[in-house]
Amino acid sequence: MQQSFADAAAMVAALRPDRPVTCYRPQVLADRARAFVTGFPGEVLYAVKCNPDPLVLQALWDGGIRHFDTASLAEIETVRRQFPEAGCYFMHPVKAREAIRTAYERHGLRHFVVDHADELEKLWDCTGHAGDLVVMVRLATARGAAVYDLGGKFGCSVEQGAALMRAAAARGLRVGLCFHVGSQCMTPTSYLAACTLARQCLDRAEVAPAVIDVGGGFPTSYVGPQPPPLDDFFQAIRAGLDLIAPPADCQVWCEPGRGMVAAGASIVVRVELRRDDHLYLNDGVYGSLCDLKFPGIHLPMRIIRPGGQATAPLRPFSLFGPTCDCYDQLPGPYMLPADIREGDWIEIGQAGAYTGVTRTGFNGFHADETVVVRDGAFLPEPAMRPPEPAHIAA
Ligand SMILES: Cc1ncc(COP(=O)(O)O)c(C=O)c1O
């Protein structure tokens, strides 16, 4: 059972932590899950890769999530240990033969993604020509306004997708279509454009889909331009589905990660040294902050100074992680009080997605302390936006 505090400042006052601490907000997570479950026109699969912490999975379950996008055996086992009755779907386009066999035989998975003819053969072979497979064909999408483009690594063309659909259907298998518009996608129309590709693929394949899966990509609120409301994305998806006109028995899925859990946690780190406008922290790129390397992933930050107020105006700082490695730095700039100093803590908000999962033990720094806090999400404010032109660390 995690310790629970009113907020991150109360946690710092009580614990004065010398290592980074993740502050989870189960209520925020459950509310966000509920917003997806009630607003999305279909089934919502949580993308476990984003944050598989049992507390997070429990909060999402409490918010109504019953299905999970699992991309490895370890993720399937994590979900099934906690929720034996949960639905799991193998949504990684490239899988080890052993993983396919174990997922099919031991864990009972039936839905597997492919984006290449050889992967379809592998699937067919490893399941002993199972007739109850549902082959999910993944289409590559055009890069829209997403921070991460996943199309370069995964997905096939409309023509290749149609060929894969026909090849699976020729074996008597049911077939679905899926795509991912890219993570932190800011434009609802990207989903409509991807649905247009799906329509073209279905026209070529002439195979009725059993599932249309519009993937993840739903954005959260970082410092900088704010994303449109979630409902705008659901509306664009509804318009896309009208275009696809799937048969009545076709299921519709999405697989949110970031947009579901980012707001559900913040991370509290400590300043170990200030050198002018450089702050050396006890967490960094090899710890929880790897995702911050991507332009556009600018998390809100605020100082915590127990027993004292930091009232100085905000000014830009660059952040440096604890390892002796020079990649371990985040030029930002990040707006923090001008008088910030060694021994202050910084709360980093919107940090529930792709933080703990990418932590390493590089240089002996690894921290996985977690607590629960009971305040609302720590959202960005306009003052956190750095002035132009960008200040770059030396
Ligand atoms: C197949 C798949 N589905 C869903 C997600 C979750 O994406 P996001 O966190 O952008 O919602 C990912 C992320 O990499 C993914 O690869």
Side-chain angles (χ1 to χ4, degrees), residues 29 32-33 35-37 39-40 42-53 56-57 60 65 67-72 74-76 79 87-95 99 103 109 111-116 119 135-141 143-156 161 176-188 190-191 194 198 211-222 227 230 233-234 236-237 252-265 290-292 294 296-297 299 350-358:
L29 290 163
R32 192 66 174 167
F36 270 95
V37 169
F40 181 73
E43 205 64 70
V44 181
L45 285 54
Y46 168 59
V48 176
K49 63 181 73 70
C50 193
N51 189 330
D53 190 293
V56 172
L57 298 184
L60 299 181
I65 297 295
H67 302 271
F68 296 85
D69 154 14
T70 45
S72 66
E75 288 187 359
I76 296 167
V79 170
C88 291
Y89 309 86
F90 212 140
M91 305 310 284
H92 196 313
V94 184
K95 296 162 286 300
L109 270 70
H111 298 75
F112 294 79
V113 167
V114 305
D115 66 0
H116 192 278
E119 188 73 10
V135 177
M136 300 290 298
V137 173
R138 175 146 164 188
L139 294 175
T141 56
R143 181 169 192 150
V147 168
Y148 292 82
D149 177 23
L150 294 164
K153 183 163 179 181
F154 297 123
C156 59
L177 266 186
C178 60
F179 51 77
H180 195 300
V181 295
S183 201
Q184 186 66 5
C185 174
M186 300 291 271
T187 49
S190 299
Y191 289 86
V211 183
I212 298 291
D213 174 4
V214 302
F218 302 91
T220 193
S221 185
Y222 291 131
L230 195 54
F233 289 85
F234 295 156
I237 289 164
V252 176
W253 299 352
C254 67
E255 306 164 14
R258 184 189 303 278
M260 189 175 286
V261 298
C290 169
D291 207 37
L292 277 65
F294 287 85
I297 310 288
L299 275 54
Q350 296 293 94
Y354 305 110
T355 45
V357 279
T358 55

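Just so you know, ligand 1 is whichever comes first in the structure, and atom 1 is the first atom listed for that ligand.
Of all atoms in ligand 1, listed by their number and element, those nearer than 4.0 Å to a heavy atom of H180 are 2 (C), 3 (N), 4 (C), 5 (C), 6 (C), 7 (O), 8 (P), 10 (O), 12 (C), 13 (C), 15 (C). Here is the list of ligand 1 atoms found below 4.0 Å of a heavy atom in A47: 4 (C), 5 (C), 6 (C). Against a heavy-atom cut-off of under 4.0 Å, R258 is close to the following atoms of ligand 1: 8 (P), 9 (O), 11 (O). Taking every non-hydrogen atom of S183 and a distance limit under 4.0 Å, the qualifying atoms of ligand 1 come out as 8 (P), 9 (O), 10 (O).
Residue G257 places at least one N or O, backbone or side chain, under 3.5 Å from an N or O of ligand 1. Below 3.5 Å of separation, one finds no N or O of Q184 facing any N or O of ligand 1. Checked by distance only, ligand 1 and R138 stay at 3.5 Å or farther apart across all their nitrogen or oxygen atoms. Taking any N or O of G217, backbone or side chain, at least one lies under 3.5 Å from an N or O belonging to ligand 1.
The heavy atom nearest to atom 3 (N) of ligand 1, considering only M260, M91, E255, M136, is found in E255.
Salt bridge status for K49 with D69: present, with a side-chain N to carboxylate O gap under 4.0 Å.
Under 4.0 Å from ligand 1, the heavy atoms of K49 that appear belong solely to its side chain. Contact annotation: for V113 versus ligand 1, there are no heavy atoms closer than 4.0 Å.
Counting only distance, with no hydrogens or angles, the side chain of K95 and the backbone of V113 share a donor-acceptor pair below 3.5 Å. No donor-acceptor distance shorter than 3.5 angstrom exists from the side chain of T220 to the backbone of G259, with no hydrogens or angles considered. Not a single donor-acceptor pair under 3.5 Å links the side chain of R258 to the backbone N or O of C50. The backbone N or O of R138 lies less than 3.5 Å from no partner atom in the side chain of D115, so there is not a single donor-acceptor pair.
For E255, there are no side-chain hydrogen bond (donor to acceptor under 3.5 Å, both in side chains) partners, not counting sequence neighbours. In this structure, T355 has no side-chain hydrogen bond (donor to acceptor under 3.5 Å, both in side chains) partners at least two apart in sequence or on a different chain.
Residue-ligand proximity: P256 is placed with a non-hydrogen atom under 4.0 Å from ligand 1. Using a 4.0 angstrom heavy-atom cutoff, Y354 counts as in contact with ligand 1.
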**OP:** Please step through side-chain contact (heavy atoms from CB on, under 4.5 Å) for the pair R32 and L230, ending with a clear verdict.
**Re:** CA-CA 10 Å; R32 192 66 174 167; L230 195 54; 4.0 Å; yes
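Checked against the 6.0 Å centroid criterion, the rings of Y191 and F218 qualify as a close aromatic pair.
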